[in-house]
2 protein chains.
Amino acid sequence: MTRVTAQDVAEEAGVSLATVDRVLNKRKGVRDKTIERVTQAMDRLNFVRDQAAANLARGRTYTFTFIVTAGETAFFSDLRGEIEAARDFAAKERVALRMVAVPPLDPQAIVDAIDSFGDDLGDGFAIVSVESQAMREAIKALRDKGVHVITFISDVPNSERQRFVGIDNVAAGRVAGGLLKRFISAPKGDVAVVAGSGTLRDHVERRMGLEQVMRAECPHLTVLPWIEGEESGPLVEQKLSKLLAENPNVVGLYSVGGGTKGVIGAIEAAPQEISVVTTELSDHTRAALIAGTVDAVLVQDPSHEVRSAVRVLKALADETIINEKQERIRIEIFMRDNLP
Amino acid sequence: MTRVTAQDVAEEAGVSLATVDRVLNKRKGVRDKTIERVTQAMDRLNFVRDQAAANLARGRTYTFTFIVTAGETAFFSDLRGEIEAARDFAAKERVALRMVAVPPLDPQAIVDAIDSFGDDLGDGFAIVSVESQAMREAIKALRDKGVHVITFISDVPNSERQRFVGIDNVAAGRVAGGLLKRFISAPKGDVAVVAGSGTLRDHVERRMGLEQVMRAECPHLTVLPWIEGEESGPLVEQKLSKLLAENPNVVGLYSVGGGTKGVIGAIEAAPQEISVVTTELSDHTRAALIAGTVDAVLVQDPSHEVRSAVRVLKALADETIINEKQERIRIEIFMRDNLP
DNA sequence: GCAAAAATGATTGACGTACCTCAAGCATTA
DNA sequence: TAATGCTTGAGGTACGTCAATCATTTTTGC
């Protein structure tokens, strides 16, 4: 069972290797009829291009840049760690990774970070961004220069990003809703929502998912206006404590992201019996799960997300197809009983 | 930013390319002191071996064989489909995949399947197996011939398999337990368990996980002896219907795997109000989730598992390291609200 | 200090594809 | 009929590593 090479295809099609090569790499100067003959020969022989040899011959290296959120949220500090860790595996495939951490919730900082590279933009960017017009323009500017752009973790819809890599955040919200629906035994009450900011698409979508479930299936529960914590634990704790003190009817809480530590602090101090779903598997949420303060934690795997982003950027650069199943990022649910 | 090649390492270490190559490929004929110098030079320059070029030069191709369960279970028919689908992506990396489907629960069939390859064993096997002494011996025989062996989906502990690729089945059982614990509102009752066979390690482990949670946290619930359905829907339906008719105290059910269609049929006909957790996301379970017959479905992604198996076998063959995070197969939880 | 053995150097040809050049063939148009 | 432009063939080099050979140097044992 020996491999079929481009040379074999050439013989089968009755053309030269050069022509097969022109077809393979979509170079011009081949008649449609000839292209047809070559592709048919490839089908007949079941020719599969040897990626390894192709990359080697091309001698191509790729530079991809991650622009991520700085700050000490457990998730983002994990994410930065995973990007660092991905350097090694990426290097084996001739991919160099760069990373810039910018302050959260500040689109201008992202634009500045991109500008700081000057003409050395590399081949692609993966950007964790808030949704803003400035970002849409920055993405368009990159695309116009032939740089590939994907949004990462949090999407920027209606921009020219080629793809979004991250979980289905509406689905995550629905999961949270489905869990709260079953966890809350009170016949009536309010559900609080804590988020980072209304400019974070992922947070907005998660809340949407929660509301979808609540409206459709839980007429006895009311979703309260959300608390914006700006990714700050203390601020979240202060605002949430105030809410819980003023509203004794809160029976459920969904912490959409950011400031989870503050959420846990406020819940522990509150008199109500509250069912709680949060994000991020950190030491704090882990302890809270065990203690019973938090009932479930919804997690996205940053390690998978980083690998997926690199694969997608590489596929865009190589113009190869993306394996959709592989790039579907899963939402994991952890409860006290299945903590890893 | 040009790549560091073996040639660069040779210069840095003050040796020839041939020596670097000997060190790289662990060939003998190099003094320890020299090995040291070369590896230090590699560290200094941050040398990363180009896998693509290496495989190309080696001209090596790999043949891996999947031995999987035949039969029409949704999961296994998906799994077989994914193995077929993986052929393309594998071919790009010089990996040929073979697949044999054998009747379920029959270790001898697996042994026969292996024997049918004669001396053409290829480089590795991924085997979905029941636990039995015959299998342990067959695995040992393969290993003795230098063939790599991993168990797949269901493990065979205490065998010489080099690795198990699949989910943590005890954790899956604990998740089921955690969910049932919360879903069941009755103050007291029995929990039924339906499984394929006691020789399937994955089923045994899932039940173990369930019992761990139940014993520790649910003194009010009693786990009943399990029903063995031998992967047959009708048999499961018959046995389970009988149980439900005789025992009005059943308030929860965990279908560990196999015969899910029968489970759903029996539940629908039963008078009790039962909280149900099953496996496999098929048309049947999907409809049952929407109808409310089933409360949650625990899923493993066969597409991920197949890719993981191929990567692991390749890493074993190449003697390269395995990225543990990438190979952790996740357990997904679907409820009515987050059906994809 | 010598011979034998071990270690190292120098060199070369794969491996399969990419990409380039040059020349030749061919059809179309003026 | 010649000029033009498009298509194709032929052949070569490069990519980084592997694997092998043969020559040369260094080390080891006595």
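- Among D/dG9, C/dC19, D/dC18, the nucleotide with an atom closest to any side-chain atom of A/V15 is D/dG9.
- Looking at heavy-atom distances under 4.0 Å, A/G59 makes no contact with the nucleic acid at all.
- The side chain of B/T5 sits closest to D/dT17 out of D/dC18, D/dT17, D/dT8.
- When the nucleotides D/dA20, D/dC18, D/dA10 are ranked by their closest atom to the side chain of B/A18, D/dA20 comes out on top.
- In this structure, B/L17 reaches neither bases nor backbone, as no heavy-atom distance under 4.0 Å exists between it and the strands shown.
- Side-chain polar atoms of B/N25 and B/R49 form a donor-acceptor pair below 3.5 angstrom.
- Between the side chains of A/R98 and A/T65, a donor-acceptor pair is found at a separation under 3.5 Å.
- The interatomic distance linking A/R60 (CZ) with C/dC19 (C1') rounds to 14 Å, in whole Å.
- Comparing atom distances between the A/S16 side chain and each of C/dA18, D/dG9, D/dC18 picks out D/dG9 as nearest.
- If you take CG of A/N55 and P of C/dC19, they are 11 Å apart, rounded to a whole angstrom.
- We find that CG of A/L56 is positioned 9 Å from P of D/dC15, with the value rounded to whole Å.
- Atoms NZ (A/K28) and C1' (D/dC6) sit 10 Å apart, rounded to a whole Å.
- Between B/H148 atom NE2 and B/L121 atom CG the span is 12.5 Å, to the nearest 0.5 Å.
- Nearest-nucleotide assignment on DNA chain D puts the 5′-proximal partner with A/T19, out of A/T19 and B/Q7.
- Nucleic acid contact class of B/D21 (heavy atoms, under 4.0 Å, all strands): base.
- For the pair B/V30 and A/A52, both in contact range of DNA chain C, the more 5′-proximal nearest nucleotide belongs to B/V30.
- With hydrogens and angles ignored, no donor-acceptor pair under 3.5 angstrom links the side chain of B/R94 to the base of C/dG16.
- Counting heavy atoms from C-beta on, the side chains of B/L79 and B/V306 come closer than 4.5 Å.
- Straight-line distance from the CD1 atom of B/I35 to the P atom of C/dA6: 15 Å, rounded to whole Å.
- Between A/G14 and B/R31, the one whose closest nucleotide on DNA chain D sits nearer the 5' end is A/G14.
- The interatomic distance linking A/R37 (CZ) with D/dT8 (C1') rounds to 10 Å, in whole Å.
- Between A/R58 and the phosphate of C/dT17, there is no side-chain N or O to OP1/OP2 separation shorter than 4.0 Å.
- Comparing D/dT7, C/dA7, D/dA19 by their nearest atom to the side chain of B/R27 picks out D/dA19.
- If you check the side chains of A/R307 and A/S303, you find a donor sitting under 3.5 Å from an acceptor.
- If you check C/dA14, C/dG16, C/dT8 against the side chain of B/R22, the one that comes closest is C/dT8.
- For the pair A/D50 CG and C/dA14 P, the computed distance is 18 Å after rounding to whole Å.
- Counting to the nearest Å, the P atom of C/dC15 and the CD atom of A/Q51 are 20 Å from each other.
- A/F152 and A/F66 have their aromatic ring centers within a separation under 6.0 angstrom.
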